[in-house]
Amino acid sequence: MIGYAVSPDGGEGLEALLTDPRHGLIGLDFDGTLAPIVADPRDARAHPGAGPVLAKLAAVVGTLAIITGRPALDAVAYAGLAGIPGILVFGHYGWEHWQDGTLTTPDPLPAVDAARRALPGLLAAADSPPGAADGAWIEDKGHALAVHTRRAADPEAALERLRAPLTELAASLGLAAEPGRFVIELRPRDVDKGSTLRALVTQRTSRSAVYVGDDLGDLPAFRAVRELREAGIPGCAVASGSAEAAEVAAAADLVVDGPDGVIALLGAIADTISA
């Protein structure tokens with residue numbers, strides 16, 4: 001398909017999208033997929049080519065959706081999505097829904113507030129002896145809390161230092177501890193990118209589904225693509241490749257070279273459909 005090496009099942013999914021784009025669905029992660037990973041997630045911005053190619057796809061594909069762990073409004077702002085009619089944005093893995101300027105969001109869970117109160121003490125305890133978790137910091141997403149170690153002198157060691165206490169805190173509060181690229185996120189258990197993708201395919205009566213992601217939180221969406229194929233809906237799981245997430249590439253039908261490769265693939269899809 002359009003010059004890419006893809007698994008046979010994934011190739012069928014891409015061909016189904018190209019053959020009947022009005023009944024096709026494309027789901028996309030944001031960080032690491034449409035935007036390069038940066039040390040501070042507040043500094044992330046979409047690839048310069050993202051806006052034009054997303055606008056072109058939104059005009060020719062039945063459903064175009066961003067499914068991110070971020071708050072939906074952050075993704076809208078950082079990717080410049082407000083001017084793209086019809087694009088859907090699901091924040092917090094699907095807890096929030098934004099479309100054409102309207103945001104739907106539930107009340108935050110009390111368990112997240114309890115985690116918010118507990119995390120500063122947990123990080124202080126983990127940084128003993130001093131320096132063991134130095135550089136770790138908390139990103140408050142409202143409906144979830146992410147502990148990042150990318151700024152630490154040894155990000156991997158700091159992440160491992162924090163993994164057990166964060167997992168224990170999440171379990172005690174009934175939250176999920178979602179690992180990622182030098183981050184562990186405490187979030188509600190009731191929804192993930194896979195359940196959001198499956199529900200969207202059902203709601204939109206999509207006849208094909210392509211999903212693109214880069215991190216461990218995208219693996220449920222990859223599994224959803226495989227389950228949809230077993231149910232007769234062709235699909236393709238695409239990895240935005242990174243040395244930090246080899247497990248994601250191993251689970252994909254097609255691997256492209258980071259956000260540059262994602263934008264090139266999306267552009268090729270849009271051009272093929274338009275032609």
Side-chain angles (χ1 to χ4, degrees), residues 25-35 41-42 44 46 54 63-82 84 86-119 138-148 166-167 169-181 183-204 206 209 211-225 227-228 237 248:
L25 181 151
I26 299 176
L28 301 159
D29 177 38
F30 180 72
D31 292 280
T33 300
L34 291 176
R42 293 168 295 191
L54 292 176
T63 302
L64 181 63
I66 311 299
I67 306 176
T68 175
R70 284 183 177 273
L73 291 180
D74 283 0
V76 172
Y78 295 168
L81 304 177
I84 302 178
I87 193 169
L88 308 175
V89 181
F90 294 88
H92 293 296
Y93 300 85
W95 269 70
E96 292 185 331
H97 173 221
W98 179 96
Q99 182 179 5
D100 296 330
T102 299
L103 176 70
T104 302
T105 183
D107 293 331
L109 292 181
V112 174
D113 190 46
R116 183 176 290 110
R117 294 192 300 270
L119 277 178
I138 303 163
E139 179 190 6
D140 193 331
K141 298 182 175 183
H143 288 287
L145 300 152
V147 178
H148 296 267
L166 287 173
T167 301
L169 174 63
S172 72
L173 295 172
L175 298 172
E178 183 76 52
R181 295 168 64 176
V183 63
I184 296 175
E185 183 170 333
L186 307 189
R187 63 173 183 81
R189 285 178 172 172
D190 297 343
V191 66
D192 60 30
K193 293 184 180 184
S195 61
T196 298
L197 183 64
R198 283 190 295 269
L200 188 58
V201 166
T202 298
Q203 176 191 347
R204 308 284 289 198
S206 302
Y211 183 83
V212 190
D214 77 302
D215 209 345
L216 299 179
D218 297 300
L219 290 177
F222 283 16
R223 287 193 291 271
V225 168
E227 291 166 2
L228 289 165
V248 178

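The basis for the numbers below is simple: all heavy atoms, side chains too, and nothing from hydrogens, waters or symmetry mates.
Taking CG of L81 as the reference point, atom CG of L88 lies at 10.5 Å (rounded to 0.5 Å). Rounded to the nearest 0.5 angstrom, D215 CG and K193 NZ are separated by 7.5 Å. One finds the CG atom of D29 at 9.5 Å from the CZ atom of R70 (value rounded to the nearest 0.5 Å). Interatomic distance, T63 OG1 to I87 CD1, rounded to the nearest 0.5 Å: 11.0 Å. Residue T105 holds its OG1 atom at 14.5 Å from CH2 of W98, rounded to the nearest 0.5 Å. Between the CG atom of L28 and the CG atom of L64 there is a distance of 6.0 Å, given to the nearest 0.5 Å.
Minimum heavy-atom separation, A144 to V112: N-CG1, 4.0 Å. Here the shortest heavy-atom pairing between G86 and D100 reads N-OD1, 3.0 Å. A pairwise comparison of heavy atoms in A146 and K141 identifies CB-CE, 4.1 Å as the closest pair. In terms of heavy-atom proximity, A118 sits nearest to L169 at CB-CD1, 4.0 Å. Looking at every heavy atom in both residues, Y78 comes nearest to R42 through OH-O, 3.6 Å. Considering every non-hydrogen atom in both L175 and A115, the closest pair reads CD1-CB, 4.1 Å.
Between T68 and T33 the shortest side-chain heavy-atom distance does not fall below 4.5 Å.
Taking the centre and axis of the six-membered ring of Y93, the NZ or CZ atom of R187 falls inside the cone set by 45° and 6.0 Å.
In terms of the side-chain hydrogen bond (donor to acceptor under 3.5 Å, both in side chains) criterion, S172 has no residue partners (sequence neighbours excluded). Checked against side-chain hydrogen bond (donor to acceptor under 3.5 Å, both in side chains), Q99 has no partners two or more places apart in sequence or in another chain. Checked against side-chain hydrogen bond (donor to acceptor under 3.5 Å, both in side chains), H92 has no partners two or more places apart in sequence or in another chain.
Side-chain atoms of D192 come within 3.5 Å of backbone N or O of G194 as a donor-acceptor pair. For H143 (side chain) and P188 (main-chain N/O), no donor-acceptor pair under 3.5 Å exists by modelled atom type.
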Before giving the answer on side-chain contact (heavy atoms from CB on, under 4.5 Å), spell out for L166 and L119 the whole-Å C-alpha distance, their side-chain angles and the decisive distance to 0.1 Å.
-> CA-CA 8 Å; L166 287 173; L119 277 178; 3.5 Å; yes

Taking it one step at a time, do L109 and W95 satisfy side-chain contact (heavy atoms from CB on, under 4.5 Å)?
-> CA-CA 11 Å; L109 292 181; W95 269 70; 3.9 Å; yes

CA sep, side-chain torsions, deciding dist, call: F30, D74, side-chain contact (heavy atoms from CB on, under 4.5 Å) = CA-CA 10 Å; F30 180 72; D74 283 0; over 6 Å; no

List the steps, then state whether side-chain contact (heavy atoms from CB on, under 4.5 Å) holds for R198 with V201.
-> CA-CA 5 Å; R198 283 190 295 269; V201 166; 5.8 Å; no

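Salt-bridge check for R181 with D214: passed, with a basic side-chain N closer than 4.0 Å to an acidic carboxylate O.
Taking the six-membered ring where the residue is Trp, F222 and Y211 present perpendicular rings, their angle passing 60° and hence far from 30°.
The only member of V76, I26, V89 that meets side chain to side chain contact (heavy atoms under 4.5 Å, CB included) when paired with I66 is V89.
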